[in-house]
Amino acid sequence: MATEFQKRVWKTLELIPEGRVTTYGAIAAYLDTKAVRAVGSAVGKNPKAPEVPCHRVVKADGRLGNYSGKGGQTTKRRLLENEGVMVKEGRIVAFEEHFFDFEKGDG
DNA sequence: TACATGACTATCC
DNA sequence: GGGATAGCCATGT
């Protein structure tokens with residue numbers, strides 16, 4: 001069974017619109033916590049991978065980081081590219097432009 | 001309860 | 001600029 005913390009993280013992931021990406025630190029900050037490690041752990045254990053856009057979560061430096069899903073980083077890159085987020089050499093292209101801020105929202 | 005690990009991040013040399 | 005270390009919180013054993 002998932003903990004409240006994990007569920008909060010997954011809920012947050014669903015807030016990320018298409019064509020946008022965010023970082024573990026941003027999620028932690030949105031949840032008013034500094035547990036970036038716990039966030040990453042929770043994201044990786046999402047029971048509904050296809051529902052939760054975990055692929056829209058990347059590292060603070062713009063790299064994809066890891067991906068526990070099928071295909072690993074390859075699939076993560078494919079998913080992002082399908083949403084309009086270009087990825088090159090395992091890094092987000094124009095990362096800062098695709099970055100999604102929970103506080104600001106999409107508009 | 002205690003120890004070890006993790007889809008991380010920031011600092012130091 | 002690259003490699004290694006410390007810090008952080010939660011989860012699993």
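So you know, we letter chains A, B, ... as the sequences are listed, proteins then strands, and number each from 1. For the numbers below, each heavy atom of this structure counts, side chains included, while hydrogens, waters and symmetry mates do not. Given the structure is predicted, the values throughout are model-derived calculations rather than measurements.
Judged as a side-chain contact (heavy atoms from CB on, under 4.5 Å), and not counting sequence neighbours, the contacts of A/Asp61 are A/Lys59, A/Arg63. With sequence neighbours excluded, no residue satisfies side chain to side chain donor-acceptor pair (under 3.5 Å) with A/Asn66. Here A/Val87 pairs with A/Leu64, A/Arg77, A/Leu80, A/Glu81, A/Ile92 under the side-chain contact (heavy atoms from CB on, under 4.5 Å) rule; sequence neighbours left out.
One interatomic measurement links the two molecules: NZ of A/Lys45 to P of B/dG6, which rounds to 11 Å at whole-angstrom precision. For A/Asn66 and B/dG6, the CG to P distance is 11 Å, given to the nearest whole Å. Atom CG of A/Leu64 and atom P of B/dT9 are 12 Å apart (whole Å). The CG atom of A/Asp61 sits 16 Å away from the P atom of B/dA7 (whole-angstrom rounding).
Remark: A/Ala35, A/Arg37 in residues 21-37 of chain A come within less than 4.0 Å of DNA chain C through at least one heavy atom.
Proximity of a side-chain donor or acceptor of A/Glu14 to a complementary backbone N or O of A/Lys11 within less than 3.5 Å is not detected.
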Check nucleotides 11-13 of chain B against the protein and report each pair of N or O atoms closer than 3.5 Å, with its distance, or say if there are none.
none

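Clustering of Ile, Leu, Val, Met, Phe, Trp and Tyr side chains at separations under 4.5 Å places A/Leu31 together with A/Phe5, A/Val9, A/Trp10, A/Leu13, A/Leu15, A/Ile16, A/Tyr24, A/Ile27, A/Tyr30, A/Val39, A/Val43, A/Val52, A/Val57, A/Phe100, A/Phe102.
The side chain of A/Ala38 approaches C/dA10 more closely than any other nucleotide in the set B/dA7, C/dA10, C/dT11.
To the nearest 0.5 Å, the span separating CZ on A/Arg56 from CD on A/Glu18 amounts to 5.5 Å.
Counting all heavy atoms, side chain and backbone alike, A/Gly65 lies closest to A/Gln73 at O-NE2, 2.6 Å.
The side-chain heavy atoms of A/Arg20 and A/Glu83, taken from C-beta on, include no pair separated by under 4.5 Å.
Checking the phosphate oxygens (OP1, OP2) of B/dA7, no side-chain nitrogen or oxygen of A/Asn46 falls inside 4.0 Å.
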